[in-house]
Structures are given as structure tokens and as C-alpha cells.
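The next block holds one structure in the form of C-alpha cells; read it before the comments.
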Protein chains: 2
Amino acid sequence: MKKKVDKEILQKFFHAAFSVDNVVFGFDESDLKILLIFRGAEPYKGMWALPGDLVYLKEDLDIAAQRVLNDLTSLENIFMEQIHTFGRVNRHPFGRVITVAYYALIKISDYNINASSWAENAMWFSINQLPNLPFDHAEIIEFAKNAFKEKALRQPIGIELLPKNFTLTQLQHLFEAIQETKFDTRNFRKKFLSMGLLIDTNKRSNGSAHRPATLYRFDFTKYNKLQKSGFSFHL
Amino acid sequence: MKKKVDKEILQKFFHAAFSVDNVVFGFDESDLKILLIFRGAEPYKGMWALPGDLVYLKEDLDIAAQRVLNDLTSLENIFMEQIHTFGRVNRHPFGRVITVAYYALIKISDYNINASSWAENAMWFSINQLPNLPFDHAEIIEFAKNAFKEKALRQPIGIELLPKNFTLTQLQHLFEAIQETKFDTRNFRKKFLSMGLLIDTNKRSNGSAHRPATLYRFDFTKYNKLQKSGFSFHL
DNA sequence: GCAAAAGTGTTAGTCATACACCCATGT
DNA sequence: ACATGGGTGTATGACTAACACTTTTGC
């Protein structure tokens, strides 16, 4: 594959590495959360940080991001999206390492720790109560939060954070957490129901000392069809 | 700086490079254009390609992207934004190179070729009539086009492509080109004027065989103020 | 029967859309 | 005077925003 590569070029440029870092979002009935891991290796051993890793020379970027996620949890079909690449010269103490950041959306209710990995020390942190973070991870999270916030307005991706069946109240609280604002209950329900994308499961929530709520699920099939014919979701 | 770096890690990972590639947009009264350069060096010598370059080990990513742009034109204060990072394993014949793509917005009317560089062979191509492109540059342009299209709906960045003074007709044609659609003239003008962000320069366009048009300029100062107090532009 | 969250409609204002003709200039 | 693009207003329907009380359950 390598043909006519100038030795000078090789020496001058080919001594960098890159990593992927995942901002894994979850939601627990009230708060947006992020999954952090406790670093067991240098650099920054002993700090909570974003799950991430160096990318192998023969590994696609997106695959690397998935690998990092698989080391954390055995969930499948996780929503994932690249956000931004952070490339300050001195961001990594080992040398020149730029990092490509992704965010991922996980149903905390389904979440299970993948025991076979360094993820034994993973923990959910409320997005408003994060510990001190190494590298530029604080900046990355800020970026991820905004990217997700924006995107969640125009695509129904937030729903990835809820269990398969959910109540309208849960849905509203989720969107309120993402958008960091409050919505009027009647208008919120009206708008969401009028899109015709929620399927009544004929089940009710139960076990609480108040009126049970209708459980809905999101009609992804219908959404995909509508989208192809020009419909666009917006909150 | 490098402390306790495992030799194995160095050998295993630190043999990659990264580049930046710029999608430079321009507008010429009717068409969106992209600036391509004629490659004078391997790989893909002799093909038209995005202006880009390998990033030095001690050079910030954003600085590298600016450097590439400065090699092309001596314009200052150019709008530039990172879009996405492309990292397929075999995208570069010299080895593992991922590329961070940016787009930049240039006023073609002010554009001048920076003679002191490889940019002597730069040329504007209509976005709908691009030549065959090396690497994954076609994919990058597609990505850039969509990112710009989206962003231009919610921030008045498209205006960066027009000369300082412009007519409402030019403005409409620009937005039509970006959004690949047509707008109703009366509604378009109404909406834009009602934002109160266009300043009548009291000049008229001239030299054409028809009624001269009012020249406006965009009130960036006012826009920045409004934005801070919660106003949000949308087309 | 009371606490706690679920659920429901109407009105007023704002915004988007659709649509056709006269105006000012150069030749 | 004619060709060319510049410039303007209104009416209708759609959507948004504001707002308060009744229902159903567990205890």
C-alpha cells in the first residue's frame, strides 16, 4: 500500500496517535447522567474520566468508538454519533494525541456492566455534579451536551434514553432535562401525541400511590417512513 | 513532558499522522462554489482535490486548518468551522492518516490568490459540477454541504459569502443556493427585513438595464447583541 | 378522604403561506 | 416604448402559548 513515501514525510509526521472518547448519556427519571470510569492506568491514574482509548493503527475510528462502548456494557444497537475532534498540542502527556469525541445514548434501565473489562469501575454521574476531569474531558462533555441538546430538538433521539415503554410524564421530564427548561404539560402532550408517533401499549404504570399512567412506545418504523416522505420532527 | 510512557504503547500507537482538509465555499450570484487545488505532489498528483495538509506534531488542529487557508488566500477573519473527522483505515496510501475536515466561507468578490504558494493552481468549481476527487474528498464535501445547509438555517453565516453591501435579490439567491430550494420573494424580504438586521446603505446597485436595487449590509453588531439576549435567527 | 400524579380544551395572538401587479432604469 | 429585474400588501390557515380543574389510584 505504501508507495513512494518520502522518508522525510514519514519521519516528520508519522509519530502521532489518536484516541476516541465517549460521552455516554443516560437518564434516570429526573437527571441527565454521564458514565465515567475510574482510571486504573497512567496517565491520570486514579481519576474519573470519559471512557476512551487509543485507536489501533488498523482500526477504523467508528469501530474504535464502538469497541470502547462494548468494553463497558453488552448492550447492542446503541445510538452513537461523532461530535468533534479535539487537537490541542499538549492535551496528552504521552505525546501528540488528538481525540475524536462521540456521544452515545443508553437506557440506564437496561444497562448492565460488562464484567470482563476495566468497566468494573464505571459509575453514572449526574451531569451537574461531575468530578474533576483529566485531559480536556470537561470541555468535551460541554460540547457533547450542546450537540445532543441541539440534535434532540430536531430528531427524536432523546427517546433512546427511555425504556421501551414509557409514560408521557417521563418523556416530558426527559426533554426538560435535555433542554434545561420546563414545558407546559398540556401543550407538550398535545404536540407529541399529534405527531402520531406514540403507540398506546394498553399497559399502565403501577405500584404508585396515585393514578396509573398510560405506557407508550415510540413508533420508530412509522417515523422512518414519515421522514423519508419529508416529515421532520421538531420539539 | 513524556513521562512513564510505556515503550510498547509508543511502538504500537504512535505511528499515525493526521491532516486537515478545507471545504472552501464561495458564491457567485447564482451558484455555490468550492475551491479546489490541483495536486502537484503525490499521492494523487495531477488531480483536483480539497486544499489540505498534514498537521505538524507541534501544531494545533485549528491552526493547521488556518495555515492551509492562508496558503490559499490572504483574506483575514475568515469564518471557519470544524465539521467531522474521517478515519477509515485505508483512506490514505502513505499509511494511517485520519483527516479533520473544516469548512470556510469566503467572499469570492474579495478573493485573491496568494501568489506565494502552491495555490497558483486553485480554481472555483460549481458544487454541482465537481471533477473526480481523490481520497474520500467527495464524501467530505457532501458532509460539508449538509453541515453548512443546516447551520445556515439557524445562524446568518451565509452572509459571509456575499460582499459587504448586497441586494435583497442576491441574498435570496444565496439562500436558495444553500438550501437548494426556491423562496417566495415577498415573504423572503418581509422575513429578513422584519428581523431588523439589515442596514440600508443608501446606495443603489447600478449599471444594469433595469431598476437599481437598494444595497444593504448586515448589522453584525446588533445581531451579536440580540443573540446574547436570547434572540435566535432562523430563516 | 386525602395525597399525589395523570389527564384534559379553549382562546388569543403570532407566524407562515399563497398570490399578482406596478416601478425605475437602460437601451 | 419595451425589456429587465426591483419592489410591494393582504387574507387565510396553521401553529404556539397561556392558563385551571377533574380523575384515578394507594394508603
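Labels below follow one simple rule: chain letters A, B, ... track the order of the sequence lines, proteins then strands, and each chain is numbered from 1.
Residues B:D31 and B:S126 have side chains that bring a donor and an acceptor to within less than 3.5 angstrom of each other. No hydrogens or angles considered: nothing links the side chains of A:T201 and A:N165 as a donor-acceptor pair under 3.5 Å.
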* Asked: Do A:I83 and A:F148 pass the side chain to side chain contact (heavy atoms under 4.5 Å, CB included) test, and can you show the C-alpha distance, the side-chain angles, and the key distance before you say yes or no?
  -> CA-CA 9 Å; A:I83 324 164; A:F148 178 35; over 6 Å; no

Under 3.5 Å, side-chain donor or acceptor atoms of residues 222-233 of chain A against the rest of the protein: list the pairs with distances, not counting sequence neighbours.
{"residue": "A:K222", "atom": "NZ", "partner": "A:G196", "partner atom": "O", "Å": "3.0"}
{"residue": "A:Y223", "atom": "OH", "partner": "A:Q227", "partner atom": "NE2", "Å": "3.1"}
{"residue": "A:N224", "atom": "ND2", "partner": "A:F220", "partner atom": "O", "Å": "3.2"}
{"residue": "A:S229", "atom": "OG", "partner": "A:K225", "partner atom": "O", "Å": "3.2"}
{"residue": "A:S229", "atom": "OG", "partner": "A:L226", "partner atom": "O", "Å": "3.1"}

Output a table of donor-acceptor pairs, distance under 3.5 Å, between side-chain atoms of residues 135-142 of chain A and any protein atom two or more places apart or on a different chain; print 'none' if there are none.
{"residue": "A:D136", "atom": "OD1", "partner": "A:R91", "partner atom": "NE", "Å": "3.3"}
{"residue": "A:D136", "atom": "OD1", "partner": "A:R91", "partner atom": "NH2", "Å": "2.9"}
{"residue": "A:D136", "atom": "OD2", "partner": "A:R91", "partner atom": "NE", "Å": "2.7"}
{"residue": "A:H137", "atom": "ND1", "partner": "A:L50", "partner atom": "N", "Å": "3.1"}

Using atom types as modelled, flag every donor-acceptor pair under 3.5 Å from a side chain in residues 202-209 of chain B to any protein atom, sequence neighbours excluded.
{"residue": "B:S205", "atom": "OG", "partner": "B:A213", "partner atom": "N", "Å": "2.8"}
{"residue": "B:S208", "atom": "OG", "partner": "B:H210", "partner atom": "NE2", "Å": "3.1"}

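Scanning DNA chain D 5' to 3' for nucleotides with an atom closer than 4.0 angstrom to a non-hydrogen atom of chain B gives a first and last hit of D:dA3 to D:dT10. Bounding nucleotides for the chain A contact on DNA chain C, 5' to 3', at a heavy-atom distance below 4.0 Å, are C:dA3 to C:dT10.
A:L72 places a side-chain heavy atom less than 4.5 Å from the side chain of A:I37. A:P131 is listed as a side-chain neighbour of A:L36, based on a closest heavy-atom distance under 4.5 Å. Proximity of B:V100 to B:T85: side-chain heavy atoms (C-beta onward) are separated by under 4.5 Å at one or more points.
A heavy-atom distance below 4.0 Å to DNA chain D is reached by these residues of residues 183-196 of chain A, ordered by number: A:D184, A:R186, A:N187, A:K190, A:K191. Of all the residues in residues 228-235 of chain B, B:H234 reach under 4.0 Å from DNA chain C with at least one non-hydrogen atom. Against DNA chain D, the stretch residues 200-212 of chain B makes heavy-atom approaches under 4.0 Å through B:A209, B:H210, B:R211, B:P212.
Every pair passing salt bridge (Lys or Arg N to Asp or Glu O under 4.0 Å) that includes a residue from residues 171-182 of chain B is listed here, sequence neighbours excluded: B:K145-B:E180, B:K149-B:E180, B:E176-B:K182.
Within the 4.0 angstrom heavy-atom criterion, no nucleotide atom of any strand lies near A:T167.
In the displayed structure, A:R39 atom CZ is contacted under 6.0 Å by more than 12 heavy atoms of other residues, nucleotides or ligands.
Shown here are the salt bridge (Lys or Arg N to Asp or Glu O under 4.0 Å) partners of B:D28, two or more places apart in sequence or in another chain: B:K33. For A:E29, the salt bridge (Lys or Arg N to Asp or Glu O under 4.0 Å) test picks out no residue, with sequence neighbours left out. Taking B:Q82 as the reference, A:H84 meet the side chain to side chain donor-acceptor pair (under 3.5 Å) condition, with sequence neighbours excluded.
Atom CD1 of A:I199 and atom OH of A:Y216 lie 11.5 Å apart (nearest 0.5 Å).
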